[in-house]
*Asks:* 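Take a look at this one; I'll ask things after.
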Amino acid sequence: MSSDNIEVTFEDGGKEVLPKGISVVEALRTTGRSANGWVASRVNGKLTDLSRTIEEDARIEAITADTEAGLDVLRHSASHIMAQAVKELFPDAKIAIGPAIENGFYYDFDVERPFTHEDLERIEQKMAEIIAARLQFKRREMPRDEAVRLFREQGEQYKVELLEELEDASVSLYQQGDFLDLCRGPHIPHTGYVKAHKLISLAGAYWRGDERNPMLQRIYGTAFPDRAALKRYLHFLEEAQKRDHRRLGRELDLFSFSDEVGAGMVIYHPKGAVLRHILETFEKREHLRRGYQLVIGPTLLKTELWKRSGHFDHYRENMYFTEIEDQSYGIKPMNCLAHMLIYKSKIRSYRDLPLRLFELGTVHRHEKSGVLHGLLRVRQFTQDDAHILCMPQQLHAEIQSIIDFVIEVMGIFGFSYEMEISTRPAKSIGTDEDWERATGALVSALQDKGIAYSVCEGEGAFYGPKIDVKLKDALDRRWQCATIQCDFTLPERFDLTYIGADGERHRPVMVHRVILGAIERFLGVLIEHYAGAFPSWLAPVQAVVMTVTDGQLEFARKVHQQLKDLGVRAELDDRSEKLGYKIREAQVQKVPYMLVIGDREVAAGGVRPRLRDGSQLDMMSAEQVAALIEKECLDATKGRIGLGII
RNA sequence: GCUGGCGUAGCUCAACGGUAGAGCAGCUGAUUUGUAAUCAGCAGGUUGGGGGUUCAAGUCCCUUCGCCAGCUCCA
């Protein structure tokens, strides 16, 4: 083969000898292959523009817009288009960064006057013009110093700052029309590839995510390869609004907030309280059968104790303090202290370990006002908290059994989840050795189970590394629920010991863990997960008894009481309304069973169930209805929750 | 906490700086109805709170509380 030629392998398995320096798109075209649908390519595994030349033997793969990588390329390009539009409309705007993100893209700008929603419309319109012009994305490479000079001349100080931190001698820039941006690429061939775009929202964002830095104006947008996909996404956003737990909380009369009470404090209404009661009952049973012991600690503990635990030094800004007869007390932001004291209340033998102390502990944390969010982020919440004290050699098994616990519980609720390991943060206590040991225990437990996880460097708690389990809300935002945290420092600070088989005192290790996390947050995610249509075992109202006319009320009252006696959470709709009206009401309230009683049912001594999905069952007795609901509850919970739990 | 937006009846929303309205929900009455809304009437408000500008403020200004999106932080 001549040195001017290279061998190119295509995805169809075909190999062709082509001149060196041919572009990806030319390589496809000259060999009779189509670049249809390609937004970029992967050349020898590396993401590459279609216009890039190939200098050596290569394998070419397609990046199409219907893949995640392809959408990212498209959206990243859309962010450049938006930046170009902004620069054309607001020449004084300074550009910062503009990546593709999960459902779209954003770009940060430094502007004198914050953008308005009218600006957004103008920018969107300008983008449409740029897209219609089908401007080519041209890649340029230049020495880093030259790029610094270039951006400095344009007054783009943020780009200069980014460039000055790059180590590379040469950097790449992309230009479409007059707009030039520092960028690694790749990009779509020309702006016309963006077939559908929409700017979604405006927000402030600190430069480089640091609150000490100036706040920039961020514009969020999204882009798709076709109009229909954009329409589907906008429809998803609309549907997500209907699932919003704050809206459903009000519509289903579960809970409320009050500005008279204060921000971040949940007020549970009767139906919300039933839900919470069910969750807590479920939790207690699950913990007891797994060898946990139920404990209850106080809410106020002396500040001295918080100093001993390290919370005063490391968590003070999140705590509330009060004074009682000249003595300073802290309101607990975590439940661990009382559990430490319970451990210390007597001499512990290695035979007592692992000791698993469980508490549905209500804590208060001073969360910054801007972060509060319905039930998902509050200032007072109850954790299904436990502290496990064990011998070092038991740690691995304990962590594995907690992971099993989490998996089983999430399975019952039908949640999918993501696991993350967080390592040592800058502000922390404990020795390097402790941290390594604890982190290793978490990693090996997940690896032994073959569970996929990501690593968040420096995201651990100040007292130890952790495994976090994240659930998604209706908008796919992730919320940390379960967490498993190793802690080698509290046992030390409280001088916890046990007598080993050798008769000597040893230091136990501690695991701090929650399964649902905060009941409030879990409930919020749960409401969105089910869109308010709870399965029978969770439904605050499992059945509504309703009559066709007032004539059947006497019998209906009997049925209602009978169901309640059998442990069904039943209500009676005894209003003088038409049946359709009552059905609609129950349907809107997402009640799983509507039990209709007319003259025929009275005569037969039964009810006619209508299900939430609109289907109807044959006439049956109240006992049969109760048995049906009970079976449904037991099936959903692997036999854990039946009737009569409240 | 920060940037921006927003607080009108229980809910969803109207009202040019000039007498705060509607639908739903609620209450009362009529109707007695067979699987997603029967009809009529009544009542409902210190326009989040406080201060100011103005002859006059839901509307303009300041302040405070709260909510929303995002950032930072986090269960």
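The analysis underlying the following values was restricted to heavy atoms, covering all of them including side chains, and did not include hydrogens, waters or symmetry mates. Throughout, protein chains are lettered first and strands after them, A, B, ... in sequence-line order, and every chain is numbered starting at 1.
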*Asks:* Which is more 5' along RNA chain B, the nucleotide nearest A/L579 or the one nearest A/D468? Just name the residue.
*Replies:*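 The 5'-side residue here is A/L579.
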*Asks:* Are the side chains of A/V86 and A/I219 in touch, meaning some heavy atoms are under 4.5 Å apart?
*Replies:*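 Of all side-chain heavy-atom pairs linking A/I219 with A/V86, at least one is under 4.5 Å.
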*Asks:* Only pairs with both distances under 3.5 Å count, Watson-Crick or wobble alike; so what is the partner of B/rG7 in this structure?
*Replies:*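 Per the H-bond distance test, B/rC65.
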*Asks:* What is the distance, to the nearest angstrom, from the CG atom on A/L372 to the P atom on B/rG66?
*Replies:*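 That distance rounds to 9 Å.
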*Asks:* For A/G551 and for A/G460, locate the closest nucleotide of RNA chain B by heavy-atom distance; then report the residue assigned to the nucleotide nearer the 5' terminus.
*Replies:*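 By nearest-heavy-atom nucleotide position, the 5'-most residue is A/G551.
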*Asks:* Please confirm whether any donor atom in the side chain of A/R250 sits under 3.5 Å from an acceptor in the base of B/rC11, or the reverse.
*Replies:*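 Not at all, since no donor on one side and acceptor on the other fall under 3.5 Å apart.
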*Asks:* Taking the six-membered ring for Trp, are the ring centroids of A/F255 and A/Y268 within less than 6.0 Å of each other?
*Replies:*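 Not under 6.0 Å, so no.
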*Asks:* Report the distance from atom CG of A/N103 to atom P of B/rG70, rounded to the nearest whole Å.
*Replies:*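 For the pair A/N103 CG and B/rG70 P, the rounded distance is 12 Å.
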*Asks:* Would you kindly check whether a donor in the side chain of A/Y206 faces an acceptor in the base of B/rG1, or vice versa, at under 3.5 angstrom?
*Replies:*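 Counting by modelled atom types and ignoring angles, a donor-acceptor contact under 3.5 Å is found here.
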*Asks:* Between A/T547 and A/K582, do the side chains contain an N or O donor and an N or O acceptor separated by less than 3.5 Å?
*Replies:*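 Checked: A/T547/A/K582 side chains pair up, N/O donor to acceptor below 3.5 Å.
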*Asks:* For residues 106-118 of chain A, which residues have at least one heavy atom under 4.0 Å from RNA chain B?
*Replies:*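 When residues 106-118 of chain A is checked for heavy atoms under 4.0 Å from RNA chain B, the hits, listed by number, are A/P114.
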*Asks:* Would you indicate what A/V548 reaches in the nucleic acid, counting non-hydrogen atoms under 4.0 angstrom: base, sugar-phosphate, or nothing?
*Replies:*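 Base: the residue A/V548, judged by heavy atoms under 4.0 Å, touches a nucleobase.
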*Asks:* Considering just the side-chain nitrogens and oxygens of A/R377, establish if one lies under 4.0 Å of OP1 or OP2 belonging to B/rA75.
*Replies:*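 Checking B/rA75 against A/R377, no side-chain N or O comes under 4.0 Å of OP1 or OP2.
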*Asks:* Base, sugar-phosphate, or nothing: which does A/Y581 touch, judged by heavy atoms less than 4.0 Å apart?
*Replies:*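 Contact class for A/Y581: sugar-phosphate only.
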*Asks:* Looking only at atom C1', what distance separates B/rU47 and B/rA9, rounded to whole Å?
*Replies:*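 The answer is 10 Å between these two C1' atoms.
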*Asks:* Hey, does A/K466 reach any base, or is it just sugar-phosphate, or nothing, if we go heavy atoms under 4.0 Å?
*Replies:*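 Sugar-phosphate, backbone atoms only, no base.
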*Asks:* Under 3.5 Å, is there an N or O donor on one side and an acceptor on the other linking the side chain of A/Q587 and the base of B/rA37?
*Replies:*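 Donor-acceptor pair under 3.5 Å: no.
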*Asks:* Contact class for A/E260 (heavy atom, under 4.0 Å): base, sugar-phosphate, or nothing?
*Replies:*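 No contact at all - A/E260 keeps every heavy atom at 4.0 Å or more from the nucleic acid.
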*Asks:* Could you check whether A/V363 gets within reach of a base, just the sugar-phosphate, or nothing at all, counting any heavy atom under 4.0 Å?
*Replies:*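 Touches nothing.
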*Asks:* Which residues, if any, of residues 598-620 of chain A bring a heavy atom under 4.0 Å of RNA chain B?
*Replies:*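 Residues of residues 598-620 of chain A under 4.0 Å from RNA chain B: A/G598, A/D599, A/R600, A/E601, A/R608, A/R610, A/Q616.
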*Asks:* Could you measure between the two C1' atoms, the one in B/rA75 and the one in B/rG48, and give it in whole Å?
*Replies:*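 Roughly 30 Å separates the two C1' atoms.
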*Asks:* Rounding to an integer number of Å, can you tell me how far A/R575 CZ sits from B/rA36 C1'?
*Replies:*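 In whole Å, B/rA36 C1' lies 13 Å from A/R575 CZ.
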*Asks:* Return the stacking result for B/rG66 and A/F257: yes when the ring centres lie under 5.5 Å apart and the planes under 30°, no otherwise.
*Replies:*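 A/F257 ring does not meet the centre or angle cut-off for B/rG66; no stack.
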*Asks:* Rounded to whole Å, how long is the line connecting atom CG of A/L216 with atom C1' of B/rG4?
*Replies:*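 Going from A/L216 (CG) to B/rG4 (C1'), I get 13 Å.
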*Asks:* Please name all residues satisfying ring pair (Phe, Tyr, Trp, His ring centres under 6.0 Å) with A/Y320, sequence neighbours left out, ordered by chain then number.
*Replies:*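 Only A/H366 meet the ring pair (Phe, Tyr, Trp, His ring centres under 6.0 Å) criterion with A/Y320.
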*Asks:* Provide, to the nearest angstrom, the distance between the CG atom belonging to A/D259 and the C1' atom belonging to B/rC6.
*Replies:*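 Distance, rounded to whole Å: 14 Å.
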